[in-house]
Amino acid sequence: DNRSGEAACYVALLEPMSGKILMEYRISGKGNAYEPAVIGIGDQRFAVAWEQAGHVWLRLLGPAGLADAVRLDVDAGSHPSLATQGDEGLVAVWSEQGDRTWLADIQLPPGPKAVPRVLRRKPIESGTLQGSQTYPSAVSTQAGQLTIGWEDRREGFTAIFVSARTKDGS
């Protein structure tokens with residue numbers, strides 16, 4: 001939405017039956033922001049990730065309002081995606097500068113304005129890769145398996161690659 005004169009990310013909380021807007025929040029800060037990803041995390045809370053000024057950010061939103069934003073990327077990132085991981089965790093994936101896809105395991109502390117904590121960040125694939133690995137998307141199953149897909153150009157053409165991780169991390 002560019003109502004402020006710059007591209008920004010907003011979230012509106014709606015009344016389920018009528019669709020009436022109950023509350024509206026500007027998620028992003030100053031500067032142009034793009035590509036929001038939103039996921040429900042329970043207890044009437046949501047996690048929101050977005051790209052702003054060349055970086056990937058995450059913040060929580062709940063009935064008490066917005067928590068502080070946390071930067072996820074290492075150098076510069078874009079195209080975030082979110083998935084829940086168990087009862088207390090979240091996984092974020094994004095494209096990092098250098099055309100690599102990264103993953104972060106995130107702890108979601110309880111509390112109305114709790115700030116998420118990044119436990120670890122790592123590339124989806126290690127070693128020397130040719131071409132780009134970008135535009136990731138993450139999803140988790142009820143059994144706790146995390147699946148990540150991304151656009152991969154290591155062979156000189158676009159292919160979709162997929163990686164999976166079970167609840168125990170294997």
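All figures in this text were calculated on a predicted structure; none of them were measured in a lab.
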Colleague: Might you point out which heavy atoms bring I106 and P116 nearest each other, and give the distance in Å?
Modeller: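 The pair with the smallest heavy-atom distance is CG2-CB, 3.7 Å.
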Colleague: Tell me, yes or no, whether the heavy-atom count around Y135 atom OH, taken from other residues, nucleotides or ligands under 6.0 Å, exceeds 12.
Modeller: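 No, because the 6.0 Å sphere around OH of Y135 holds 12 heavy atoms or fewer from other groups.
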Colleague: Can you tell whether the side chains of R45 and D43 come within less than 4.0 Å, N to carboxylate O?
Modeller: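 No.
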Colleague: Shortest non-hydrogen contact from A33 to S28?
Modeller: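 Answer, listing the atom of A33 first, then S28: CB-CB, 3.4 Å.
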Colleague: Report yes or no: do M23 and V38 belong to one cluster of Ile/Leu/Val/Met/Phe/Trp/Tyr joined by side chain heavy-atom distances under 4.5 Å?
Modeller: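 Per the 4.5 Å side-chain linkage, M23 and V38 are co-clustered.
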Colleague: Using 0.5 Å steps for rounding, measure from the CG atom of L13 to the CG atom of L22.
Modeller: 7.0 Å
Colleague: Between W94 and A92, what is the shortest heavy-atom contact and its length?
Modeller: CZ3-O, 3.7 Å
Colleague: Sequence neighbours excluded, which residues qualify as salt bridge (Lys or Arg N to Asp or Glu O under 4.0 Å) partners of R26?
Modeller: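 If we apply the salt bridge (Lys or Arg N to Asp or Glu O under 4.0 Å) test to R26, skipping adjacent residues, the hits are E6.
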Colleague: Once rounded to the nearest 0.5 Å, what's the spacing between atom NE2 of H79 and atom CH2 of W150?
Modeller: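 It is 16.0 Å, given to the nearest 0.5 Å.
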Colleague: Side chain to side chain contact (heavy atoms under 4.5 Å, CB included), that's the test. Do I39 and L90 meet it? Break it down for me.
Modeller: CA-CA 9 Å; I39 191 166; L90 183 71; 3.9 Å; yes
Colleague: How about N32: does its CG atom have over 12 heavy atoms from other parts shown lying under 6.0 Å from it?
Modeller: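 Above 12, so yes.
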Colleague: Which atom pairs, donor and acceptor, lie under 3.5 Å between side-chain atoms of residues 46-70 and protein residues at least two apart or in another chain?
Modeller:
residue : atom : partner : partner atom : Å
W50     : NE1  : Q52     : OE1          : 2.9
Q52     : OE1  : G29     : N            : 3.1
Q52     : NE2  : G29     : O            : 2.9
Q52     : NE2  : K30     : O            : 2.5
Q52     : NE2  : G31     : O            : 3.1
H55     : ND1  : R71     : NE           : 3.3
H55     : ND1  : R71     : NH2          : 3.1
H55     : ND1  : D73     : OD1          : 3.4
H55     : ND1  : D73     : OD2          : 3.1
H55     : ND1  : D75     : O            : 3.3
R59     : NE   : A67     : O            : 2.9
R59     : NH1  : I27     : O            : 2.5
R59     : NH2  : A67     : O            : 3.1

Colleague: What I want to check is whether the side chains of S140 and T84 have a donor and an acceptor closer together than 3.5 Å.
Modeller: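 Their side chains do contain a donor-acceptor pair, which is all the 3.5 Å distance test asks for.
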Colleague: Test side chain to side chain contact (heavy atoms under 4.5 Å, CB included) on L72 and W102 and set out the steps.
Modeller: CA-CA 10 Å; L72 294 179; W102 280 65; over 6 Å; no
Colleague: Out of curiosity, E96 CD to T134 OG1, how far, rounded to the nearest 0.5 Å?
Modeller: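 Atom-to-atom, E96:CD and T134:OG1 are 12.5 Å apart.
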Colleague: Please evaluate residues L103 and L146 with respect to the criterion side chain to side chain contact (heavy atoms under 4.5 Å, CB included), reporting the C-alpha separation (whole Å), side-chain torsions for both, the decisive distance (0.1 Å), and the verdict.
Modeller: CA-CA 11 Å; L103 172 142; L146 172 70; 3.9 Å; yes
Colleague: Could you report the tightest heavy-atom contact between E15 and M17, atom names first, then the distance?
Modeller: OE1-N, 2.9 Å
Colleague: Shortest non-hydrogen contact from S81 to P136?
Modeller: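 Result for this residue pair: CB-O, 3.7 Å.
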Colleague: Applying the salt bridge (Lys or Arg N to Asp or Glu O under 4.0 Å) criterion to D105, which one of R121, K122, R117, R165 satisfies it?
Modeller: R165
Colleague: Is the shortest distance from a Lys or Arg side-chain nitrogen in E151 or R153 to a carboxylate oxygen in the other one below 4.0 Å?
Modeller: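 A salt bridge is present here (some side-chain N lies under 4.0 Å from a carboxylate O).
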